[in-house]
Structures are given as structure tokens and as C-alpha cells.
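Everything on this sheet refers to the single structure shown next.
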Amino acid sequence: MFDKILIANRGEIACRVAATARRLGVRTVAMYSDADATARHVALCDEAVRLGPSPARESYLRGDAIVAAARTTGAQAVHPGYGFLSENEDFAAACADAGLAFIGPPPAAIRAMGSKSEAKALMERAGVPLVPGYHGAEQDAAFLQAQADRIGYPLLIKASAGGGGKGMRVVERSADFAAALASCKREAAASFGDDRVLIERCLQRPRHIEIQVFADSHGNALYLFERDCSVQRRHQKVLEEAPAPGMTPERRAEMGEAAVAAARAVGYVGAGTVEFIAAQDGTFYFMEMNTRLQVEHPVTEMIAGHDLVEWQLRVASGERLPVAQSDLAIRGHAIEARIYAENPDKGFLPSIGTLKHLALPAAVEFRRNADDNDFHDPAPVRVDGGVRQGDAITPYYDPMIAKLIVWGEDRAQSLARLAAALADTHIVGVANNVDFLARLVAEGSFARAELDTGLIARTQERLFAPEGAPSDAQLAAACARLVADEAAAAAADPWSARAGWRLNTTYLREIDLRSGADTQRVALEYARDGLHFVRGGARLPLAIAAVGGTRLPLRLADRSFTADVVRDGDDLHVFLDGRHRVLTLLDPIAHADDSDFGSGTLAAPMPGKVIAVHAAKGARVARGAPLVVMEAMKMEHTLLAPADGVVAEVCCAVGEQMAEGAQLIALAE
């Protein structure tokens, strides 16, 4: 086993590798950019080395700087995590040339499988079925247009060197192909340094099923069953589970053996994932092989009972795989939910900001077997995260906050545990997808395992149904936060007391709370027998059992409950009954001069760089027409005209970095 390894990554995977290495007695060196100087993974490692400025191209993608840091610190091996340089053949070769062990496959295997096009050609020669498409080297735009027209629509354009949904577009008709191709190539070049693409027919209601494979340097290879990763938005995974619902033992063996054959064909060593797209009848086609550990590997660990990061370290140090295929068995069911800083109601646009409040469910990292230290007793809830309360989500990297992983004896128990874990996940400071995930987990199609990659789009009307008016309990909890804060202030300064005391009478205090576009007027009545919450014609006794922290034990009429209420300026974030409601305290005097941009202005929804401008001053545009393309968090975002009108002013230029809320286009009627 190594004495010291360098972790050439960030976020939750860097934290996970650091924790596993520490348990094995291996010292670790963290890499960090300026944006990550105080990050959690830096604190977890024994040493840390600055790579450079915040942009990934100037830090985490600098293979030369990483290799130099490894040699300077005396590290014997480099763990690339996933993303960044984890599938970069040149980086793996540079590590080998420097005498460093690359904790991943050999460069030749990365070369063979790292390119989607070359991998498909290899699989085609091996007789593995492929989706009809073009996977060749010719990249001329006119040639690719002709190939697309031959394949037929709808089709997918996919970055040949990439993954994670970056550089991928669905094209419905020939007229849209050229623009989609240009966008894919730009995004692929920005994310992977390689703008080559391939084209495939888009199957109807497909499932995304992947096989976890592992191989050592002694010729042993096996598969650790499958994961269903069908539930996606913007071609990026949202929920993953293992085993795949409805998978028969025969089909599992067929897919697993095909995956192992693919690994053996390229002399694979380490952890890898062979991805398949499957029709509803079970027919499957090879998509690609990811020559690294995957974000969703924890669900495999939970059902198979083995620590894959530990396996990576042991195999890279020359050890044999600890088990044979016949030793492996599936136990229970595991589901992973990815918690992102993004706004589902705005097309899943990423969000940046400071995590002012971050409360995660009570979790057990791992429960291990005393004999061999593997996961034979899975934890019911596990949290893998790379950030802490007070950390910032920046525009430079993927906006993942954490992963919730749950395990149950069966899928029904896993679903129940996931719903409970999401209800206990409270985040303030950035827009996030926790409420969306809660609705998704409760959606009938997912609960019944009617899975396909279009599930979110297919159930969009239900998943994005308008939120109703806030309940009495939510409004009362917001009011209780005000009372509790005022009581705390009065304890420090009696002159600031606002207890509403009156001689021989009561005090009725009106409070306006905005929820979305609506305003709710409620009142607190300070009476001799205590506090009352008044809404409409109802007058309900309200008691606050204790004051301290953000959690408020309350009794409203005959109901007792605890609400987590976090105040952020005028916003009161109420976490209750598994849902997050933002209620804004209205003070008309304090905000008399506030105003919003009119509907005729296009503003930047997040910080980012302008990639393209499709409007000129004086041009007439229709609502929904694409006006500006921005790049943020490694993805391109096309911004549409908010209304019909004439372009009065173009306030941005290609290459310009724009702040969130900055005006991009001004429209006149």
C-alpha cells in the first residue's frame, strides 16, 4: 500500500478519497484553486498545494502542475477522482513518466475507451450491439449534417470525449442541426479540450443502465451488478439506484459479461463503468465506457457490500481483487439523490452563493464488518458531501452540494427512507433542487419504477404544478420566528422588547407575508392568556415551547410540531412537513423605492461569460426567440426573449463576463 497519495480533484470525491486513505493509514495531499483555499477537502488532507486561479483551466486541468506537486511532496500515487483529468490519457502517461502510480486504468485503456467513437468501433468489432449512428473521425459540419439526415430524427449529438451531459443535444429536425452542432462543439471544447462529436438515433423512452466493472493487474476482472440512471434532466443524472428495477438474473449476467469482456479487451485495470441504453423490452445497446469511478458508485457499494475507493487504492498498489465473481451477491436496494445548487423552476439553471444554512439528515458514513472492513451492514442513510455551512458555491465548478444515499431491504423501504432524508435536508443561501427531488420521489411513475430518460419531461405538469397558498402552520411558524428573534433581542436589550403588553386590553399586530406573487395578511394577538395566530376568521392559540437555534417547537391550536425556520434578511425560510416555503416579510416603507426590471429586459440569471449574441439593435424579435448564449458552470445556457418587441439596446458582447442580474438586452414595445 502507498504511504502518501495526491488527490487531483475537489468536492465530495476528494473528501471521500481522503477519508478512505486516512482509515488505511495513507497520508494525503490536497490540490486546490483559489476558490477552494478553505474547502472541506483541503481541511481533511494532511497537506495541501495551491494549483492556481479559480478557473479549472488554470488549476485542476493543469496536469504539469499536479505532477510537479506530487513529486515535490513525495506522493507515490495520484488519485484523479472523477471529472477534470480522470480520463485524460496524457495526464495518466505523465504520471507514469514521473514514476507516479495513476489510480486508474493504463493510458492505453483510456485511449481505447475514452473516445466514444473509438469505443463504439471497438465494441462493434466485438459484436456488442450499437445504436444506429455515425461514430467516425470526419468532423466537417456539412458531412455531419448529411450523416444526421441519413440517420433520421430525432437524434443525439454527443461530445466524443465527454460525459455528464456536457456537449450533448437532442435535435428534432434537420433545420436545427447546424446550430446544435456548433453549440455542442463549443461546450465540448470548453469542458474536455476536444470538440469532436458523434451522432446517434434518439431511442423512444429508453432506460440508462450501467454496469460497474473492476479489474486488477493480475488478469482478474468482475462486475458488481448494475445501476439504473434513467432519471435525468438536461442529460445529467438526478436519481440513481441499484439494482435496476425489473432486471432479470439472465439479463444481468448477459450485460455484466459483456461489460467485463469490454474491459478485458483493452487491458483494463481499476474501476470503470460500461454504460448501456436499453429499450423497454430489455434490448440493450452499448453507449460508452467511463474509465473512472462514477458519481453514483455509492449505490453499488451499498448493495454489493464493498468499498470501491479502497479497492482502487489496493489494486493500484499491485494487490489482487479481494473477491471473485462467484463471491458477490446483491443485498437490498439503494438509491442516490444528487443535491444541486440549481433552480428547477428556471430550467435547472445553476445557482451560486453562500450556504448560509446547511442542515443534512443524520447519517452513518459506513457500517463496516469487523472481519474484512467492508460494508456488509449497510447504513440506512449516508451523506457524501464536499461543502460545509458557510462555504460558497462558485460559478467555476459543478454545483453539487451533496449526495444522499439510502439503503433498504427493498425498493419500497429505500423510497421511504429517501423521502425522509430529503425532508431533513434544509438549505438556505442558494436555489436548490431538494423540494423538486421530494416531488420526484413521490411521483407515481418513479414510485412504480416506470423508468425512462424522459420521465421528468413526461411528468413535468405534475412535478411543476403551481404551489398552493401557504398553510396556517407555515405562516404561524414564520410569525413564531419573528417573535423568537424579538425575544432574544429583548433579553440582550430590554428597551428593544416588542412583547405587545397593553393595560386592560390586547394588542393586534398585523403582518404581511409574501409567498410568490401573493400576499398573506395575518395577525398576532398578544392577549392575557398568551399569543394567538389570526388568519381570516380563525383565531388559534400559538405557543413556542423553546427558543434557541433555528428549530422551533410549536403548538398551534391542538397540533404540536417542530419547524425549522431560518431568517435571511426579510426572507423567512420555513422547513415543515417535508417542504421548504419562503415567506417574505413586507415592509412597504423600507422598500418603497425598490423596483424590478420590466418584462422587456433580459437579465443574466447567473454569473457567466457571453458566448454568442443573436440580436442586433433595431431587430424585431418574438417572445421565446434565442437572444444570448451564456456559459456558466461548464454548461451553455440559451436565454430567450421575455416578450415580443424591438431590440432597443444590446448591453453585452461576446467574451464579456457578466454578473448575475446584469442587463443583457433591452427591448422596446
Open item on the list: Which heavy atom of Ile352 sits nearest to which heavy atom of Ile393, and what is that distance?
Closed with: CB-O, 3.1 Å

Task: Spacing of CG belonging to Leu664 relative to CG belonging to Leu627, to within rounding of 0.5 Å - done: 9.0 Å

Task: Value rounded to 0.5 Å, distance of CE in Met168 from OG in Ser183 - done: 13.0 Å

Open item on the list: Applying salt bridge (charged side-chain N to carboxylate O under 4.0 Å, His left out) as the test, list every pair that has at least one member in residues 54-79; sequence neighbours left out.
Closed with: Arg62-Asp64

TODO: Would you please indicate if the ring centroids of His573 and His580 are separated by under 6.0 Å?
DONE: yes

Open item on the list: Once you measure the plane-to-plane angle for Phe91 and Phe102, does it fall in the parallel (<30°), tilted (30-60°) or perpendicular (>60°) bin?
Closed with: perpendicular

- [ ] Return yes if a side-chain donor-acceptor contact under 3.5 Å exists between Ser351 and Glu342, otherwise no.
- [x] no

Task: Gly624 to Leu640 - nearest heavy-atom pair and separation - done: O-CD2, 3.5 Å

Open item on the list: Distance alone, cut at 3.5 Å: any donor-acceptor contact between the side chains of Asp570 and Thr584?
Closed with: no

- [ ] Could you go through the salt bridge (charged side-chain N to carboxylate O under 4.0 Å, His left out) check for Arg579 and Glu467 one step at a time?
- [x] CA-CA 11 Å; Arg579 292 294 182 267; Glu467 195 172 32; over 6 Å; no

Open item on the list: Students often mix this up, so state it plainly: with edges at 30° and 60°, are the rings of Phe84 and Tyr60 parallel, tilted or perpendicular?
Closed with: parallel

Open item on the list: Before you tell me yes or no, could you show the steps for Asp398 and Arg10 under salt bridge (charged side-chain N to carboxylate O under 4.0 Å, His left out), namely the whole-Å CA-CA distance, both residues' side-chain angles and the distance that decides it to 0.1 Å?
Closed with: CA-CA 10 Å; Asp398 186 272; Arg10 63 177 304 279; over 6 Å; no

Task: Test item: side-chain donor near acceptor, Ser54 and Asp34, under 3.5 Å - done: no

TODO: Of all the heavy-atom pairs spanning Leu51 and Ala65, show the shortest one and how long it is.
DONE: CD2-CB, 3.9 Å

Open item on the list: I'd like to check Thr28 versus Glu47 (side-chain heavy atoms, cut-off strictly below 4.5 Å). Are they in contact?
Closed with: no

- [ ] Go through the side-chain N and O atoms of Arg567 and His357 and say whether any donor and acceptor fall under 3.5 Å apart.
- [x] no

Task: Passing candidate, side chain to side chain donor-acceptor pair (under 3.5 Å) with Thr273, options Glu288, Glu296, Glu210, Arg227 - done: Arg227

Task: Between Glu275 and Asn290, a side-chain donor and acceptor under 3.5 Å - done: yes

- [ ] Show your reasoning for whether salt bridge (charged side-chain N to carboxylate O under 4.0 Å, His left out) applies to Arg23 and Asp307.
- [x] CA-CA 12 Å; Arg23 178 173 53 78; Asp307 183 337; 2.7 Å; yes

Task: No-hydrogen, no-angle side-chain donor-acceptor test under 3.5 Å, Tyr32 and Ser59 - done: no

Task: Candidate pair Glu336 and Arg382, rule salt bridge (charged side-chain N to carboxylate O under 4.0 Å, His left out), full reasoning - done: CA-CA 9 Å; Glu336 175 181 291; Arg382 167 179 159 186; over 6 Å; no

TODO: State, yes or no, whether a side-chain contact exists between Lys237 and Val231 at a heavy-atom distance under 4.5 Å.
DONE: no

- [ ] Identify the two heavy atoms, one from Pro107 and one from Glu89, that lie closest to each other, and give their separation to 0.1 Å.
- [x] O-CG, 3.6 Å

TODO: Report yes or no: is the cationic atom of Arg233 (NZ for Lys, CZ for Arg) under 6.0 Å from the centre of the six-membered ring of Tyr340, at an angle within 45° of the ring normal?
DONE: yes

TODO: For the pair Arg234 and His637, evaluate side-chain hydrogen bond (donor to acceptor under 3.5 Å, both in side chains) and give the outcome as yes or no after the intermediate values.
DONE: CA-CA 11 Å; Arg234 296 172 62 140; His637 309 277; 3.0 Å; yes

Open item on the list: A quick test of your reading: do over 12 heavy atoms of other residues, nucleotides or ligands sit less than 6.0 Å from NZ of Lys609?
Closed with: no

Task: CA sep, side-chain torsions, deciding dist, call: Phe464, Phe436, ring pair (Phe, Tyr, Trp, His ring centres under 6.0 Å) - done: CA-CA 8 Å; Phe464 295 94; Phe436 170 77; 5.4 Å; yes

Task: Rounded distance [0.5 Å steps], NZ in Lys185 versus CD1 in Ile157 - done: 9.5 Å

